[in-house]
Asker: 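A single structure is presented below for examination.
A note on names: the letters A, B, ... follow the listed sequences, proteins ahead of strands, and every chain is numbered from 1.
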Amino acid sequence: MRHRTLIAALAIAAAPLAASAAETLKIPFEYHKLDNGLKVVLSKDTTAPTATVTVYYNIGFRNEPKGRTGFAHLFEHLMFQGSNNLGKMEFVKLIQKNGGVMNGSTRFDFTNYYQVVPANTVETVLWAEADRMKGLAIDKDNLTNQQGVVKNEVKVNVLNQPYGGFPWIDMPMAANTNWQNAHNFYGDLAELDAATLQDAKAFFETYYAPNNAVVVVSGDIDPVQTLGWIRKYFGPIKSSVLPARPDISEPNQTEEKRGVKEYLEAPRPALAVGYHAPKRMTAEYFAMALIDQILLQGKDSRLYQALVQDKGFTDEVSGGINAELGNLFDINGPTLFQAYLFHDKSTPASTILDAFDAEVEKLRAAPVDKATLDLAKVKARSWLYDQMEGFYGFGKANLLASFALFDDDPGKINTLEAEFEKVTPELIQKTAQEYLRKTNRTILTVPGKPEPPKVSKPVGF
Amino acid sequence: MNKTLQSLALAASLAAAGAAAAQTPAKETPPSPAAPRDFTLPAPKHFVLENGLSVTLVNYGDMPKVDIGLFVAAGNSYEKASEVWLGDLTGQLMREGTTTRTGAQISKAAAQMGGQVDIGVGTDTASVSGSSLSEFAPDLVKLVADLALNPKFPASEVERLKADNVRRLSIARSNPQQMATEKFREVIYGDHPYGRIFPTEAQVKGYTLDQARAFYDAHWAASRARLYVAGRFDTAAVESAVRAAFSGWKKGAMSHPAPPRPRSERAVYIVDKPGAVQTTLIVGLPTIDASHKDAIPLAVTNSVLGGYFSSRMTANLRESKGYTYSPFSQVSNRYRDAVWAQNADVTTAVTGASLKEIFYEIDRLQAGAPSEAELESAKNYMLGTFVLRNSDRAGIIGQLEFINFHGLPADYLNKYVANVRAVTPAMVQQMAQKYIDDTKTAIIAVGDRKAIEEQVKPYGPMGPAGR
């Protein structure tokens with residue numbers, strides 16, 4: 001039996017926590033590639049007797065087939081409907097009866113399947129993931145059933161909600177011009193209904209191959225033993241010939257765009273502003289992430305202070321870079337820096353925009369002072385740790401998988417703090433000038449339904 | 001209590017379970033897991049200050065971060081009928097400044113520690129919660145204490161916060177899940193504070209600074225509070241920071257909310273949402289609370305029935321019928337009170353058909369015990385998630401607070417595994433018979449009345465209409 005308090009005490013002894021001693025986190029990892037092209041990342045962490053096992057496929061909804069909006073996500077559901085050796089839903093039962101939690105998700109640039117399980121069950125889970133990478137075994141009933149489930153998912157999350165897809169679906173559709181980035185990725189119900197078993201077979205054969213995937217196992221593992229299992233179960237799976245990737249680039253935006261979303265049950269107006277972000281992993285991208293910390297994240301942020309605390313326009317300003325569907329690093333193609341809020345009819349959106357722009361323009365007009373930048377860096381470091389810990393440590397595997405999949409370099413996880421450190425006040429200003437220009441943005445407003453007549457009541461305190 | 005619009009990742013799938021198809025013999029079987037590894041619960045250090053503040057420090061993990069939670073018996077259940085959300089306004093005002101810091105200075109101080117600090121108000125407890133990088137743990141303790149002990153109640157912020165609450169109220173009441181919960185609570189609890197989750201707009205607008213201050217004076221005190229620190233930190237430094245920062249807090253006296261007298265009868269309550277593409281269903285009733293000897297067997301029963309993806313409800317409503325995306329059942333606990341409920345957002349046209357399947361599954365569990373394998377799966381899932389909860393700073397704090405709030409035995413966590421393991425198939429059937437009596441369930445249906453009224457009629461007499 002391990003004594004976790006002892007472990008913690010030793011760790012502290014190794015790195016004493018004086019009041020000012022900031023630590024830099026170093027994530028241990030191994031990176032391998034099997035002969036069939038499968039990328040493998042292993043990261044040992046003995047904090048708890050648990051492990052994360054995840055498979056990422058390099059296909060997201062950005063690149064789903066035209067005429068089949070929502071298909072990448074529908075397909076993700078189908079991966080739980082049966083494989084060669086596991087019938088419908090037996091994958092889930094296998095994980096849960098072994099004490100694990102699991103899910104899958106579909107994002108712009110990948111589809112992932114992940115499990116957090118007791119560490120003694122890692123081999124079982126790897127076998128099951130390899131089994132469904134080998135082949136789907138689903139029938140028309142499975143497809144029809146999951147079409148019903150996914151349509152209900154769209155209804156509960158969008159169609160039966162007062163603000164519908166605002167802004168997480170609406171903004172990418174409004175801000176982007178390339179279909180790959182601008183279609184309804186949750187899916188039109190009619191296009192979801194149109195999907196066939198043949199579509200599923202073709203999609204699987206094209207994209208669900210070892211040379212289009214990464215397996216990450218992190219947690220209380222023996223890396224040598226774990227790599228052996230991965231070779232045993234995934235090694236025999238044949239690679240595929242991957243099609244050329246479509247052009248996912250967004251043209252440089254040169255004029256501000258405005259759109260109105262009429263949600264008739266929305267009780268209050270809402271406002272969203274989205275800017276195209278710099279290319280991922282560039283110096284400007286890290287600067288943009290710090291701008292996000294300065295402007296938007298936390299109650300100390302400038303927009304919170306201005307729009308909430310000082311002006312009282314709203315109670316919260318939300319958003320970030322790819323914040324609605326992931327984080328800074330688990331996206332590969334074009335993404336948006338977005339802010340949104342809900343307000344009252346008595347305050348026109350234009351008044352809020354004026355106050356918003358006043359804060360943005362400060363960043364464009366002059367370099368920030370050192371204290372502001374230092375604060376943003378502390379917040380970014382803390383944010384990064386939170387990301388890694390998310391969902392019982394799955395967040396760390398998410399970053400390792402993304403860097404392996406998109407950059408062929410999971411070691412990037414250990415360079416992030418240094419990249420944030422490198423950002424200068426001048427780079428913040430330059431990035432704000434280039435990316436926070438009005439001609440690089442889209443403004444979406446929800447007018448909200450008419451307010452009922454008010455009965456005024458004297459208020460005193 | 002206020003919930004803003006969900007922003008959801010395309011959380012997908014999951015699954016569910018199910019209706020187990022017979023194995024085809026030719027198939028490979030998964031390799032068996034190795035022997036489970038031992039799991040030791042983190043060892044907390046516990047002490048009580050002279051003023052009655054209960055303090056628990058859990059030094060845990062490798063990540064250089066720390067979480068703090070201060071839980072106070074100052075939630076909505078202490079509000080009078082004329083005071084709904086006064087507790088929220090009180091917490092919001094406390095966040096707007098202390099005698100030595102403005103709201104903006106509080107935010108900046110927390111951010112400089114790589115963290116944040118906030119006040120939340122729940123049904124029974126209000127909380128000050130904070131997190132920071134490890135090296136700032138003692139400073140975070142001081143900041144949390146400053147918010148709890150020295151609020152300034154700035155008059156300048158009252159009107160703004162009230163306008164925010166009016167807006168939040170309006171948005172919350174347009175959300176079908178919140179509309180359903182509001183009706184469910186009202187039906188079950190009537191006039192008790194648990195029965196009113198939303199104030200009127202006029203109430204929110206009418207609250208005064210003096211009322212908020214009085215609510216604070218009556219409820220925020222050391223003997224009504226429990227403090228937890230979890231994560232990586234210098235234990236001695238944090239302990240001395242706690243003693244220095246909290247010893248001056250007034251003692252006060254603990255009080256519990258008046259016990260509710262929940263009502264339980266089979267009836268259907270429609271809340272009209274014209275044109276809704278789905279019906280938001282809650283089927284539920286009052287049940288035993290967390291301190292009851294059958295609470296763990298009931299929790300296991302709930303897992304089998306609808307509490308996880310491999311449950312019967314998910315297998316049926318989702319994976320067999322495709323009526324819904326994320327059905328779930330749960331036991332939700334308040335002080336010496338609990339309800340069991342099955343929730344599902346179903347396509348409008350199958351509202352009646354969904355109720356049929358929900359009652360079918362309840363009846364089926366009452367009529368026959370689950371198999372050993374089905375039960376074993378539910379137990380293992382509960383024990384697996386128990387380990388996960390106790391491997392996470394926020395989870396550790398949540399677990400310890402659950403035990404303390406409900407006054408459960410100190411060895412509750414250490415005996416949890418054995419108590420879950422001890423549940424038998426026959427017990428599960430008995431629990432379903434005893435505590436999920438479907439002749440007494442209220443049925444809430446938020447949806448298009450015209451389209452669903454005939455569908456739901458067979459399932460009970462109509463209760464009074466909703467809004």
Asker: What's the separation between atom OG in B:S311 and atom CG in B:L317, rounded to the nearest 0.5 Å?
Answerer: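 CG of B:L317 is found 8.5 Å from OG of B:S311.
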Asker: Please flag which part of B:L388 lies under 4.5 Å from any non-hydrogen atom of chain A: side chain, backbone, both or neither.
Answerer: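 Contact with chain A: backbone and side chain both.
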Asker: Between A:Y340 and A:W168, is the gap from one ring center to the other below 6.0 Å?
Answerer: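 When the ring centroids of A:Y340 and A:W168 are compared, they turn out to be at least 6.0 Å apart.
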Asker: Picking from B:E157, B:Q211, B:E96, B:M382, which has the most non-hydrogen pairs under 4.5 angstrom with chain A?
Answerer: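 Top count of heavy-atom pairs under 4.5 Å with chain A: B:E96.
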Asker: Minimum heavy-atom separation for A:N145 and A:K88, please, with both atom names.
Answerer: OD1-NZ, 2.9 Å
Asker: What I want to check is whether the side chains of B:Y381 and A:N98 have a donor and an acceptor closer together than 3.5 Å.
Answerer: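 A:N98 and B:Y381 do not have a side-chain donor-acceptor pair below 3.5 Å.
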Asker: Just checking A:F342 against A:Y163, ring centres under 6.0 Å apart?
Answerer: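 Yes: the rings meet the under 6.0 Å criterion.
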Asker: Can the ring centroids of A:F61 and A:F108 be said to lie less than 6.0 angstrom from one another?
Answerer: yes
Asker: Would A:F185 and A:H73 count as a close aromatic pair, with their ring centres under 6.0 Å?
Answerer: no
Asker: Find the one option among B:I106, B:T347, B:D345 whose heavy-atom pairs under 4.5 Å with chain A are most numerous.
Answerer: B:T347
Asker: I need the residue from B:V346, B:L133, B:V117 with the largest number of non-hydrogen atom pairs under 4.5 Å to chain A.
Answerer: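 Highest number of heavy-atom pairs under 4.5 Å: B:L133.
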Asker: What residue, out of B:A35, B:P31, B:P176, has the most heavy-atom pairs lying under 4.5 Å from chain A?
Answerer: B:P31
Asker: Among the options B:R389, B:Q112, B:K273, pick out the one with the most heavy-atom pairs lying under 4.5 Å from chain A.
Answerer: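 So the answer, after comparing B:R389, B:Q112, B:K273, is B:K273.
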Asker: Can a salt bridge be assigned to the pair A:K299 and A:E316 using a cut-off of 4.0 Å between side-chain N and carboxylate O?
Answerer: no
Asker: Please determine, among A:D141, A:T124, A:D386, the option with the most heavy-atom pairs under 4.5 Å with chain B.
Answerer: A:T124
Asker: Heavy-atom pairs under 4.5 Å with chain B are the metric here; pick the option from A:M79, A:E123, A:Q147 that has the most.
Answerer: A:E123
Asker: Between chain A and each of B:P138, B:S131, B:A34, count heavy-atom pairs under 4.5 Å; write down the option with the most.
Answerer: B:A34
Asker: Counting only heavy atoms closer than 4.5 Å, note whether B:V277 contacts chain A via side chain, backbone, both or neither.
Answerer: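 Its backbone and side chain both get close to chain A.
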Asker: Between A:D131 and chain B, which part of the residue has a heavy atom less than 4.5 Å away: side chain, backbone, both or neither?
Answerer: neither
